[in-house]
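Residue numbers start from 1 in every chain, and the chains themselves are labelled A, B, ... in the order their sequence lines are given, proteins ahead of strands. Side chains included, hydrogens not; waters and symmetry mates left out as well; all remaining heavy atoms used.
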Amino acid sequence: MNWVNDVIQGILLGGYYGIIACGLALMFGVMRIINLAHGDIAVLGAFLMYLLLQHWSVSPFIALLPVLPTMILFGYVLQRLVLQRSLRAGILTPLLATFGLSIVIQNALEQSFGPDVQSLGGQAGSLVTAAWRINSQISISALGGLTFGAAVAVYAALQLYLSRTPSGRQMRASAEDPDTAELVGINSRAVYARATAIAIGIATLGGLALALRSTFSSYSGPDQLIFAFEAVVIGGLGSSLWGALLGGIVLGVAQTIGSQINPEWSVLSGHIVFLLVLISPRGGLLTLRSGRRAPASLPQAGT
Amino acid sequence: MSFLELEDLTLRHGLLEAVHGVSLELGEGEVLALVGANGAGKTTLLRGLAGAHRPAAGRILLDGRDITRMPAYKRVHIGIALVPEGRRLFANLTVEENLRVAACNPGRGHWTLERVLEAFPMLGPLRRQRAATLSGGEQQATAIGRALMTNPRLLLLDEVSLGLAPIAIEAVYASLKAVLAEGTTVLLVDQDFTRAAAIAHRVVCMLEGRFVLEGKGSELTREQITEAYFGLGRTVETTA
């Protein structure tokens, strides 16, 4: 029975990983940018909410309302001013640019907020402690359930956006072949800026989830990035939208089961699963299922 | 004032000059066929007109307006659409999505999803299929349809019949007739000279980046075209 609980807790944890992986997968899928500052951006969002809560005693969810649009705007400007320029110089330059951005954000946060560990859990009231007790061994925390629900909602909303709206169709077209997209009247730069804005908005949600369920400091970003990156790779590297959520769930389950065997093995067992997927001949869960298909966003060769 | 004007347009691929200072005037509603051997610079010229290739020198004027430096997506909005060589469909989008994603300028022309599907009846049953699963002829029809969805005033067609079965070429050209009936200005590149000349008002032959022969499709003899196409007369001159 304990195992069942572990798996359930792992799935809920996977919801959190799914949220932080989502923006990373979107940016990789649309622009082939691996955003090494993704975790730091999530932490930046958490600190902005922390800053607001220093002055107003409101719920962190209220603090999200002004922070989310601010971060979305930040993403848009970041793409237009920094990443778009770096994209022109090949695939390696955006990697270096985001690596630099990561260092800038970490140091700026430490300058502004100091090295202390923070959490927004205290301001969230009973949400953090509440739980639904299923039976004597299984209980679902309200926060875990809410995070998982939010993850599913984020992925479903993104799926609807990409498949049903003209703007989403433009994003898929640009992801596949930016040159041809321009030839049918799509401004690829504007599409890219939209993609980064969305990715960073979702990262901010991840920052809130992190701040509520755990603690964060100026240097928490890279850890979040690693988990997000592992989730994306386990899910099949942007070959499918839901892959990153599935990858997050696999990672979460691996970590909770690992920690049940030995508390020190929690993070390690997640890494081991990641490495196993990485060295497996197909690589990635969803690529395994749908056969060896090229990532959806790669330009088709020979056309 | 002519509809489209090229003034000494030069296009380069790095050090290689693919198009050497060509000039051309095209009236509204005119259909021009561009013929020439591989490497003559036809595709580069078309990509230069569409904005996918930045000219090294010269000017492009549409309605007298200089659009030489205008990015490709903005040229689509003022009415230039290219059907690129090799179709270049969005393989993971369905046929309908490929068409819809190009929908812009709804006020100008009357091409809508319904009209395009009417003009290319073979696409109707394929609407929900991924473009990657289509045959060559179906892909070409989708690519032309996609360009029409932008309601172009100038349609650039690159190698429409390349790699297609004769029956597919037949179908594509039959549908093209419906497009021509709308009075759209067309610049057409095709290896199939007879077919291209049949629907064109004027034929221009390109050789090594220059226009070497120009005339009405019906007036040019096969010998003239062959000579210009392979540069036979010119070779004699230069070696002599």
Side-chain angles (χ1 to χ4, degrees), chain A residues 25-26 29-30 32 80 84 87-88 159-195 236-243 286-287 290-303, chain B residues 46-47 49-53 70-94 96-106 108 113 128 130-134 136 139-140 142-152 155-156 158 162-163:
Chain A
L26 182 67
V30 174
R32 307 270 120 194
R80 283 279 169 155
Q84 187 64 50
L87 264 175
R88 260 183 270 158
Q159 161 104 60
L160 273 179
Y161 167 71
L162 288 173
S163 58
R164 296 286 161 82
T165 68
S167 167
R169 272 196 295 269
Q170 290 187 352
M171 197 170 286
R172 281 159 61 214
S174 295
E176 255 189 55
D177 188 343
D179 295 336
T180 306
E182 295 259 330
L183 288 176
V184 298
I186 298 170
N187 181 358
S188 291
R189 289 166 183 229
V191 169
Y192 284 1
R194 242 181 280 154
L237 261 182
S239 62
S240 135
L241 176 70
W242 292 87
L286 287 191
T287 43
S290 58
R292 212 164 165 71
R293 219 182 75 199
S297 38
L298 272 180
Q300 299 294 303
T303 54
Chain B
L46 251 49
R47 287 180 60 81
L49 287 176
H53 198 117
M70 188 184 272
Y73 77 92
K74 280 193 185 153
R75 293 192 201 194
V76 177
H77 294 291
I78 62 162
I80 300 180
L82 170 70
V83 179
E85 189 178 1
R87 277 82 80 169
R88 301 280 295 261
L89 292 179
F90 304 112
N92 287 305
L93 269 61
T94 63
E96 186 176 328
E97 286 174 330
N98 264 285
L99 295 174
R100 278 190 191 278
V101 80
C104 55
N105 311 318
R108 190 174 55 221
L113 184 68
R128 314 235 174 269
R130 278 175 59 232
T133 63
L134 302 183
Q139 283 189 22
Q140 190 59 270
T142 310
I144 297 173
R146 185 177 63 176
L148 290 177
M149 288 294 286
T150 69
N151 278 308
L155 182 63
L156 309 167
D158 199 358
L162 189 73

Relative to chain A, which of B:Leu93, B:Val83, B:Ile80 shows the most heavy atom pairs under 4.5 Å?
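Looking at each of B:Leu93, B:Val83, B:Ile80 in turn, B:Leu93 comes out on top.
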Output the distance between atom CG (B:Leu82) and atom CD (A:Glu182), rounded to the nearest 0.5 Å.
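B:Leu82 atom CG to A:Glu182 atom CD measures 13.0 Å (nearest 0.5 Å).
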Kindly compute the distance separating CZ (A:Arg164) from CD (B:Glu97), expressed to the nearest 0.5 Å.
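These two atoms lie 9.5 Å from each other.
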Looking at chain B, which one of A:Leu183, A:Asp179, A:Asn187, A:Ile186 has the largest number of heavy-atom pairs inside 4.5 Å, strictly under?
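Of the candidates given, the most pairs with chain B belong to A:Asn187.
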I'd like to know if the side chain of A:Glu176 reaches the main chain of B:Ala91, judged simply by a donor and an acceptor atom lying under 3.5 Å from each other, with no hydrogens or angles considered.
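Yes, because the side chain of A:Glu176 sits within donor-acceptor range (under 3.5 Å) of the backbone of B:Ala91.
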B:Ala147, part contacting chain A, at a heavy-atom distance under 4.5 Å:
neither
Of all the heavy-atom pairs spanning B:Arg88 and A:Asp177, show the shortest one and how long it is.
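Of all heavy-atom pairs spanning B:Arg88 and A:Asp177, the closest is NE-OD2, 2.9 Å.
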